[in-house]
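Some notes on the structure that comes next.
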Amino acid sequence: MTEVSGYAPGAPCWVELVSPRVTASKEFYGELFNWYSHAFGYEFGDYYTWSLGGRLGPMVCGMQPLADDGQRPYWTCHFAVDEIGPVTERVRAAGGQVLVDGVELDSLGRLALAVDPEGAGFALWQGQSFRGAGVVDEPGALCWMELACRDLAAVQRFYGEVLGWTFVRRDHDGLTYSYWRVADRSVGGMVVLDGPLRPLERPQWIPYFAVEDCDASVTKATKLGARVEVPPHDIRPGRYAFLRDPVGAPWP
């Protein structure tokens, strides 16, 4: 397995699903990716983590219930920072909003929740005893994060000022795609909302999970109740599909 040894400031470190039906989400992802779900600890309420391959496997991501039944399910992508305070100040200065500012989570670390100028939510994580995902870039694990947005240039300015990202734009089969980079390494991307490969209603961050066989995984997901919105097809980096899980959360 590709274990995560550390996180550069600005790099993705964790992702969590906010679900209206926690039991249904546990069953779906457990069957699809061989994830094992367990409560993180009584002091954290109804927060769950998923481990890859069993109870003792490396942690992949987290999940918590929706606080408001009127909300849609969504994924929250977390980015590592050395110190939360200066970063949340840059969020405000760059035109974003800070919803939760530097909450201490026991000895695990500090968390802030923010939204960018287009309303896409994300999290900042100052890790202490908990750094984030224990495995990436393996089947069943996180391999990419992507932002669907309306104004690429404006959003690039925001994240460049807040997290120090740099950007490289590429044209893939007629689709303009922006890679964001941390320490000269591409770790995520941005694409214009409502393009043919990203059927989303609003700006948001979404995670990608690696699979050994895209077609077989899509077939299995549909049998488990997922809905296919973009069927499997080849893109330059690999083979891709876009689905919504049984509770409606989008993911490629």
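Note: hydrogens, waters and symmetry copies are ignored here, and every other heavy atom, side chains too, is used. Note that the structure is predicted; figures quoted are calculated from it, not measured.
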Next item on the list: Determine, stepwise, if the pair L113 / F122 fulfils side-chain contact (heavy atoms from CB on, under 4.5 Å).
Entry: CA-CA 6 Å; L113 300 177; F122 62 98; over 6 Å; no
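- Annotation for E212: atom CD does not count as buried by contact number, only 12 or fewer foreign heavy atoms lying within 6.0 Å.
- Residues V155 and M190 form a side-chain contact, since some pair of their non-hydrogen atoms from C-beta on lies under 4.5 Å apart.
- The distance from the OG atom of S19 to the CZ atom of F28 is 11.0 Å, given to the nearest 0.5 Å.
- Two residues are said to be in side-chain contact when any heavy atoms from C-beta on lie closer than 4.5 Å; E118 and F158 fail this criterion.
- Note that CG of L56 is 8.0 Å distant from OG of S51, once rounded to the nearest 0.5 Å.
- Under the 4.5 Å side-chain heavy-atom criterion for ILVMFWY residues, no single connected hydrophobic cluster contains both V168 and V191.
- Counted by atom type alone, Y179 and E146 present zero donor-acceptor pairs between their side chains at under 3.5 Å.
- When the salt bridge (charged side-chain N to carboxylate O under 4.0 Å, His left out) test is applied to D116, no partner is found at least two apart in sequence or on another chain.
- Contact of the L105 side chain with the Q128 side chain is not registered, since no non-hydrogen atoms from C-beta on lie closer than 4.5 Å.
- With respect to E161 and R92, no salt bridge is recorded, no charged nitrogen being found less than 4.0 Å from a carboxylate O.
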Check: W165 and Y159: ring pair (Phe, Tyr, Trp, His ring centres under 6.0 Å), yes or no, with the steps?
Finding: CA-CA 6 Å; W165 295 348; Y159 287 101; 5.0 Å; yes
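- Residue pairs meeting the ring-ring contact (aromatic ring centres under 6.0 Å, His included) criterion with at least one partner in residues 94-114, sequence neighbours excluded, are absent.
- Annotation: side chain of V22 is not in contact with side chain of D46 (no heavy-atom distance under 4.5 Å).
- Legend: residues meeting side-chain contact (heavy atoms from CB on, under 4.5 Å) with T166, ordered by chain and number and at least two apart, are R181.
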Item checked: Trace of the ring pair (Phe, Tyr, Trp, His ring centres under 6.0 Å) decision for H233 with Y240 -> CA-CA 6 Å; H233 66 282; Y240 161 94; 5.6 Å; yes
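- H38 places no side-chain N or O within 3.5 Å of a backbone atom of Y36 that could act as its donor or acceptor partner.
- The CH2 atom of W75 sits 9.0 Å away from the CE atom of M63 when rounded to the nearest 0.5 Å.
- In this structure the side chain of W14 never reaches within 4.5 angstrom of the side chain of W125, judged on heavy atoms.
- In this structure, the salt bridge (charged side-chain N to carboxylate O under 4.0 Å, His left out) partners of R110, at least two apart in sequence or on a different chain, are E104.
- There is a side-chain donor-acceptor pair under 3.5 Å between Y29 and W251.
- Grouping Ile, Leu, Val, Met, Phe, Trp and Tyr residues whose side-chain heavy atoms lie under 4.5 Å apart, directly or via other members, places Y74 in a hydrophobic cluster with V18, L66.
- Sequence neighbours left out, not one pair with a member in residues 54-66 passes salt bridge (charged side-chain N to carboxylate O under 4.0 Å, His left out).
- The number of heavy-atom neighbours closer than 6.0 Å to CD of Q97, taken from other residues, nucleotides and ligands shown, is 12 or below.
- Side chains of E16 and Y48: a donor-acceptor N/O pair is absent below 3.5 angstrom, by distance only.
- Contact check for S217 versus K220: no side-chain heavy atoms found under the 4.5 Å cut-off.
- Counting only residues at least two apart or on different chains, no salt bridge (charged side-chain N to carboxylate O under 4.0 Å, His left out) pair has a member in residues 22-33.
- In this structure, the side chains of V162 and V87 come closer than 4.5 Å at one or more pairs of heavy atoms.
- A93 meets the side-chain contact (heavy atoms from CB on, under 4.5 Å) test with no other residue; sequence neighbours excluded.
- If you take CG on L224 and CG on D245, they are separated by 11.0 Å, rounding to the nearest 0.5 Å.
- Under the side-chain contact (heavy atoms from CB on, under 4.5 Å) criterion, T222 pairs with V218, V228, sequence neighbours left out.
- Judged as a salt bridge (charged side-chain N to carboxylate O under 4.0 Å, His left out), and not counting sequence neighbours, R150 has no contacts.
- Between atom CH2 of residue W205 and atom SG of residue C149 there is a gap of 8.5 Å, rounded to the nearest 0.5 Å.
- In this structure, OG on S129 lies 7.0 Å from CG on D106, to the nearest 0.5 angstrom.
- Residues passing the side-chain contact (heavy atoms from CB on, under 4.5 Å) test with A24 are R21, V247, sequence neighbours excluded.
- The closest side-chain heavy-atom distance from V15 to M145 is below 4.5 Å.
- Residues passing the salt bridge (charged side-chain N to carboxylate O under 4.0 Å, His left out) test with D215, sequence neighbours excluded: R239.
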